[in-house]
Amino acid sequence: MTTATPHRNPLSAGVPRAPSRPAVRAGPRAVLAVIGAGVLATVTLWWYGTPQVDPGLGDWLTNAGRVTGLWAGYAMVVLVALMARLPPIERGVGADRLARWHAMGGRYAVGLIVAHALLITWGYAVTAHTNVVSQSGALLLNYPDVLMATVAGLLLVGVGVSSARAARRRLRYETWYYLHFYTYLAIALAFSHQFADGAEFMTNLPARIVWGTMYATVAAAIAWYRFVTPARQALRHQLRVLAVHPEAPGVVSVMIGGRHLGELGAESGQFFRWRFLARGLWWTSSPYSLSAPPGPDGLRITVKALGGHSRALAALRPGTRVVAEGPYGALTATVRRRRKVALIAGGVGITPLRALFQSLPASPGDLTLIYRVGATRDAVFRRELEQLASDREARLWFVTGHRADLGGDPLTAASLTKRIPGLARHDVYVCGPQGMTAAVTRELLAAGVKRRHIHVESFEF
Amino acid sequence: MRRVIFAIVTTASALVFLLSFKTHSTPAAVASPPSASASPTPGATPAATASAAAASPAASSASSGSAATAAKTVTGAVAQTIYGPIQVKITVRNGKVTAADAFEYPNNDPRDAQINSYAIPALNQEAISAGSAQIDSVSGATYTSQGYISSLQSALDKAGR
């Protein structure tokens with residue numbers, strides 16, 4: 001049990017240090033290549049499992065239905081794997097990009113599932129010289145496990161609809177989050193019809209073994225990284241809230257202490273998924289960045305009240321137990337390639353950059369932080385940042401004001417080049433809402449910064 | 001929105017591309033293990049000369065009535081298809097095929113059952129009308145049709161037609 005010692009000045013806590021062991025990274029291109037190879041493998045499976053396609057509507061529809069079905073079955077595995085918190089992918093691709101891929105791929109997969117169902121029903125109906133309605137009946141009643149698969153498909157369509165942007169604004173984050181658990185049920189329900197009815201699997205035992213192994217592996221990864229590992233970490237580190245400090249209107253910092261924190265291997269710029277075991281909070285975990293370099297005696301997060309969860313953090317009592325999943329995030333010192341570094345923060349995106357601003361090794365004059373924020377009073381860490389800038393002889397720029405008042409986005413290629421001499425020779429870390437990071441990335445490219453020197457993390461929700 | 005259209009167009013083109021490479025109107029020959037099922041029954045039976053059928057001449061000729069109007073029932077050889085074996089039985093009277101029926105055909109899963117529930121009657125009807133094995137495949141049941149035709153040919157050969 002750690003005593004709650006107020007940790008008002010975390011500046012002393014952070015010493016730049018290398019991670020304990022070299023972390024394996026799987027970059028976005030490598031991951032996409034693996035996913036693409038899997039798509040080719042499913043096509044090959046269909047190719048060798050199909051002696052020929054007869055000319056004519058029926059066989060064309062049926063085979064289009066088979067291919068979309070195989071793709072859908074594969075897509076579900078990929079979608080779950082992207083969210084399995086596999087450490088190399090979390091580090092190499094970044095949780096924000098993974099979430100975007102997952103959202104995009106999810107919509108696509110739901111489209112594939114719907115297409116598969118419609119094409120197979122229509123194709124079978126044409127071949128059997130019957131109508132779509134009676135064919136649907138035959139499929140549901142006579143074909144093994146198709147009824148279960150149909151329920152699964154409807155569940156997935158429901159999850160897809162709940163995730164659609166428009167619906168998500170009307171749904172609470174927590175509701176949406178829990179609806180997502182139905183995907184596990186849907187995948188389980190839909191699994192057996194692939195082998196019972198799938199032309200590519202019925203007579204092909206090796207294909208069934210490979211396909212089944214793929215599903216089992218991803219299921220094991222989910223169980224291990226999302227359930228077993230957090231539970232083990234919780235037992236090992238015994239994290240508790242040490243203190244809660246208000247930083248700015250609607251922004252609080254939470255200090256968290258525990259045992260053996262060095263073993264976590266956390267770095268500045270990373271985040272954990274936090275689960276606070278307090279009433280109304282315990283059932284959901286949310287990603288928050290470390291807002292100070294992780295030290296042996298404490299981790300600090302800083303949270304802006306965006307949703308119900310982040311607002312409730314202000315009321316946390318010291319001593320509350322915390323379960324942390326992580327560390328995650330690719331926005332660390334390891335991706336840096338150049339001597340000079342610029343950090344560009346948008347809004348609450350300051351948190352990981354605030355930690356990097358403190359811990360990135362840099363000579364006087366090599367480090368610049370640009371902090372874009374709507375109004376001066378919303379700027380968090382103002383005093384800390386000024387202190388750090390003067391200690392480290394780093395440049396610090398607050399860019400305040402709303403776009404409407406400023407007559408356009410203030411962070412243009414021209415203004416950035418002017419503010420950061422030799423910008424093209426910098427590594428640039430960008431963190432903020434997705435619209436902001438996309439705009440800044442565009443401007444940086446226009447200003448001559450190479451894409452490989454731009455390190456972005458954005459957050460939505 | 002542009003992304004959605006791109007995804008749909010790409011997927012549809014990929015499907016059309018794939019399927020068009022697999023589409024052939026002349027199907028590959030039916031796989032036929034020639035010796036495995038050959039168990040000749042005693043008795044003088046005409047050798048099956050069907051192109052692809054596995055030779056298991058189990059021709060059970062039965063005759064009834066006078067010689068002129070003798071109705072002969074002949075069983076064709078088993079034809080192996082990728083979905084399973086097919087065997088056709090025909091009745092010949094006065095040199096004319098009066099009945100044809102596949103009494104064995106793939107029926108293991110609902111898809112086979114569904115396809116063959118319309119393909120087999122259609123093929124039976126075609127065989128009676130044509131009186132020969134020169135019949136069209138039933139669309140959507142290429143392999144069943146091929147097997148049917150080859151077993152039918154073998155039955156016709158045995159019936160001496």
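Quick note: numbers below take in every heavy atom, side chains included, and nothing from hydrogens, waters or symmetry partners. Letters go in sequence order (proteins before strands), and every chain restarts at 1. Just so it is clear, the model here is predicted, and its values are computed rather than measured.
In terms of heavy-atom pairs under 4.5 Å with chain B, the best-connected choice from P51(A), G58(A), G56(A) is P51(A). For the options W46(A), W47(A), W71(A), heavy-atom pairs under 4.5 Å to chain B are most numerous at W47(A). In terms of heavy-atom pairs under 4.5 angstrom with chain A, the leader among I115(B), V16(B), I8(B) is V16(B).
Residue contact with chain B, scored on non-hydrogen atoms closer than 4.5 Å, is absent for V126(A). If you measure heavy-atom distances from S117(B) to chain A, you find no contacts under 4.5 Å at all. Only the side chain of T62(A) comes within less than 4.5 Å of a heavy atom in chain B; its backbone stays farther off. Heavy atoms closer than 4.5 Å to chain B are found nowhere in A115(A), neither backbone nor side chain.
Within the model, atoms CG of L119(A) and CG of L112(A) stand 10.0 Å from one another, a figure rounded to the nearest 0.5 Å.
Environment of CH2 in W101(A): crowded, with over 12 heavy atoms of neighbouring residues, nucleotides or ligands closer than 6.0 Å. Environment of OH in Y182(A): sparse, with no more than 12 heavy atoms of neighbouring residues, nucleotides or ligands closer than 6.0 Å.
Pairs of residues two or more places apart, or lying in two chains, that qualify as ring pair (Phe, Tyr, Trp, His ring centres under 6.0 Å) and include a residue from residues 123-155 of chain A are Y124(A)-Y143(A), H129(A)-Y118(B). Sorted by first and then second residue, the ring pair (Phe, Tyr, Trp, His ring centres under 6.0 Å) pairs with a member in residues 95-114 of chain B form an empty list; sequence neighbours excluded.
When atom types are taken as modelled, the side chain of S151(B) and the backbone of Y148(B) share no donor-acceptor pair closer than 3.5 angstrom.
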